Asks: 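I have a structure here, written as structure tokens, and I will follow up with some questions on it.
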2 protein chains.
Amino acid sequence: MGSLPRIGLDRSSPVPLYFQVAEQLERAIVDGALVPGDRIEAEIELAGSLGLSRPTLRQAIQVLVDKGMLVRKRGVGTQVVGAKIRRPFELTSLHDDLARTGQPAGTEVLSCAVVEADDEVGHELQVPPGSPVWSLERLRSVRDEPFALMRNYLPVDVVDLRGADLTALGLYELLRHGGVHLRVANQRIGARRAEAREARLLAERRGAPLVTMTRTAFDDAGRAVEHGDHLYRADRYTVELTLVDR
Amino acid sequence: MGSLPRIGLDRSSPVPLYFQVAEQLERAIVDGALVPGDRIEAEIELAGSLGLSRPTLRQAIQVLVDKGMLVRKRGVGTQVVGAKIRRPFELTSLHDDLARTGQPAGTEVLSCAVVEADDEVGHELQVPPGSPVWSLERLRSVRDEPFALMRNYLPVDVVDLRGADLTALGLYELLRHGGVHLRVANQRIGARRAEAREARLLAERRGAPLVTMTRTAFDDAGRAVEHGDHLYRADRYTVELTLVDR
DNA sequence: AACGTCAATATGTCAGGACAAATGCTTGAC
DNA sequence: GTCAAGCATTTGTCCTGACATATTGACGTT
């Protein structure tokens, strides 16, 4: 049975109050100050003790409910969920993921050029077939062991990859710096055998099982911004995600 | 450029007003009455014309923003996203998924018995190793072609599978009928080669690539309710999901 | 013509109040 | 002793009101 540490608020900060509360609640759960099954103080009381209105505190709790870390039950209260929430599967690229885990990841850019979109790429990116798009192919490694072969397509008017250092920044990071705000992505995950070229690049045997992932991402204007077709060595990579049912 | 059909509200209905609005907005988008890029009327005006307060209408819009169907931009307005949102990856079992697509899916129960939890299952289900748990193995087919080999473990105090008709109801459906409310699930998706027994059951060749998925689901009390270890024929199944970044 | 400023517009945040509905415990009747 | 009714608690829904902040376009100045 844990207890909630004191929550401090900074009303002069540009960070919204509900977000400040949500952050500190999340840290309390992650740090173990609140353990699964613990009940949070009732909304009205907690709001009162923090000098906040109930809607504001409720909004803070909602953030963590959406993340699957808290569960509300009418007439009962709000409890910490027993599941260890893995980092939710966010709209970040592999580069960001790896950087966070501290793994020194290597990137080799195999090709980066403007090509004409074929039918599939044009359809996914919502541009006419034959339109110029960036075509990018990268090989990702950890400790000199390759594990991901990634091909991406981007409309030329979204970003200019000339001179971009894709070994230092992830693709999504580059897009963010370019003012592109990603909001939605459709993914499809499957598996298939490695073909000859793929096997060679990934230091695998031909026919070895690979995890496949295709993804199309859209920005906050609803514009298709990126389409990717990625291959992962099955023995070195799995996709983890947390589902929340509301 | 589409236009928003008239929205009708029923204040005597137990369905919350914000949900009624969200449902009708969603239908308008799915049906194509609103096309990608369309802007919704401003919150205050739309609220006024519906006889609702702004927070209530805002809550309705938030539902669709969370689903990735709408995008809000301060100072601009609310727009319909250009992505075709695939069915969001919900907390449903395969049986529910297939039932929705109208595919006549077959289920063969290979085994269903109470066993002692091994270390891994005990850890995942948060029970001591050696505790009695249901062990269930099913083979799923479409048009007599097998594509999924699914093994599940459930604590015995969660549900009683004796006499349960798992060919008619999906496992998750069965749990819901038993009063279990699933809220959170952790999943891991990968790939590997088929072993001899798996290949035989799935009518595949040994060594064929399979999609693997392990999942642990938790109910609204934070209790681990189900752990599954599933195998899919890679040529007949992919995992689709939509990510939303808020 | 180019640039900066300002106003209109729309969403983001926050407050305070009211009633409804579900849950769980206590109390009372039989 | 058991079961049902009632009550307190807590979240769910909905309202009104206010100010903050980002965006866009019009206007005026340089």
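These values consider heavy atoms only, across backbone and side chains, with no hydrogens, waters or symmetry-generated copies. Given the structure is predicted, the values throughout are model-derived calculations rather than measurements. The sequence lines fix the lettering, A, B, ..., with proteins before strands; numbering per chain opens at 1.
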Asks: Do the side chains of Glu43(B) and Arg72(B) get close enough for a salt bridge, i.e. N-O under 4.0 angstrom?
Replies: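 Yes, charged N to carboxylate O under 4.0 Å.
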Asks: To the nearest angstrom, how far is Gln59(A) atom CD from dT11(C) atom C1'?
Replies: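 After rounding, the gap between these two atoms is 13 Å.
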Asks: Say you draw a straight line from CG of Asp31(B) to CD of Glu26(B); how long is it, rounded to the nearest 0.5 Å?
Replies: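 CD of Glu26(B) is found 10.0 Å from CG of Asp31(B).
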Asks: How would nucleotides 17-25 of chain D be written as a contact map, 5' to 3', with B for base contact, S for sugar-phosphate-only contact and - for no contact, using protein heavy atoms under 4.0 Å?
Replies: -B--BBB--
Asks: Minimum heavy-atom separation for Leu9(A) to Leu50(A), with atom names?
Replies: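 Heavy atoms only, the tightest pair is CD1-O, 3.7 Å.
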Asks: For DNA chain D, determine which residues of residues 41-52 of chain A have any heavy atom closer than 4.0 angstrom to one of its atoms, and list them numerically.
Replies: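 Those residues whose heavy atoms fall under 4.0 Å from DNA chain D, taken from residues 41-52 of chain A in numerical order, are Ala42(A), Glu43(A), Glu45(A).
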Asks: Report the distance from atom CG of Leu57(A) to atom P of dT13(C), rounded to the nearest whole Å.
Replies: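 Rounding to the nearest Å, CG of Leu57(A) and P of dT13(C) are 15 Å apart.
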Asks: Do Thr78(B) and Arg39(B) have side-chain N/O donor and acceptor atoms under 3.5 Å apart?
Replies: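 No, because no side-chain N or O of Thr78(B) sits under 3.5 Å from a partner of the opposite role on Arg39(B).
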Asks: Run the side chain to side chain donor-acceptor pair (under 3.5 Å) check on Asp38(B) and Gln79(B) step by step: do they pass?
Replies: CA-CA 6 Å; Asp38(B) 275 355; Gln79(B) 283 181 306; over 6 Å; no
Asks: Between Ser49(A) and Glu41(A), what is the shortest heavy-atom contact and its length?
Replies: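 Smallest heavy-atom distance, with atoms named: OG-OE1, 4.4 Å.
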Asks: For DNA chain C, what residues of residues 18-25 of chain B have any heavy atom nearer than 4.0 Å?
Replies: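 Going residue by residue through residues 18-25 of chain B, none turns out to have a heavy atom under 4.0 Å of DNA chain C.
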Asks: Do Thr107(A) and Arg140(A) have a side chain donor and acceptor closer than 3.5 Å?
Replies: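 Arg140(A) and Thr107(A) do have a side-chain donor-acceptor pair below 3.5 Å.
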Asks: May I ask you to verify if any side-chain N or O of Thr56(B) is less than 4.0 angstrom from the OP1 or OP2 atom of dC15(D)?
Replies: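 Checking dC15(D) against Thr56(B), a side-chain N or O does come within under 4.0 Å of OP1 or OP2.
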Asks: Distance check: side-chain N/O of Thr78(A) vs OP1/OP2 of dT11(D), anything under 4.0 Å?
Replies: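 Yes, within the criterion.
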Asks: Indicate whether the side chain of Asp10(B) and that of Gln20(B) have a donor and an acceptor atom separated by less than 3.5 Å.
Replies: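 No, Gln20(B) and Asp10(B) have no side-chain donor paired with an acceptor closer than 3.5 Å.
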Asks: How close or far is atom C1' of dG12(D) from atom CZ of Arg72(A), stated in whole angstroms?
Replies: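 Atom-to-atom, Arg72(A) to dG12(D), this comes out as 9 Å.
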Asks: Which of the following nucleotides, dG12(C), dT13(D), dA15(C), is nearest to the side chain of Arg58(B)?
Replies: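 Comparing dG12(C), dT13(D), dA15(C) against the side chain of Arg58(B), the answer is dG12(C).
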Asks: Given atom CG of Leu70(B) and atom C1' of dA10(C), what is their separation to the nearest angstrom?
Replies: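 Value for this atom pair: 15 Å.
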Asks: Mind checking whether Leu25(A) and Ile40(A) have side chains closer than 4.5 Å, heavy atoms only?
Replies: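 Yes, at least one pair of side-chain atoms sits under 4.5 Å.
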Asks: Among side-chain atoms of Gln187(A) and Arg215(A), is any donor-acceptor pair under 3.5 angstrom?
Replies: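 Gln187(A) vs Arg215(A): donor-acceptor pair found between side chains.
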Asks: Nearest-Å distance, CD (Gln62(A)) to C1' (dG12(D))?
Replies: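 So the CD-C1' distance, Gln62(A) to dG12(D), works out to 11 Å.
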Asks: Using a heavy-atom cut-off of under 4.0 Å over every strand shown, decide if Ser53(B) touches base, sugar-phosphate, or nothing.
Replies: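 Counting heavy atoms under 4.0 Å across all strands, the contact made by Ser53(B) includes a base.
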Asks: Could you work out which one of dT13(D), dC15(D), dA15(C) sits closest to the side chain of Arg11(B)?
Replies: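 Comparing dT13(D), dC15(D), dA15(C) against the side chain of Arg11(B), the answer is dC15(D).
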Asks: State, with a plain yes or no, whether a side-chain heavy atom of Met150(B) is found less than 4.5 Å away from one of Asp229(B).
Replies: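 Of all side-chain heavy-atom pairs linking Asp229(B) with Met150(B), none is under 4.5 Å.
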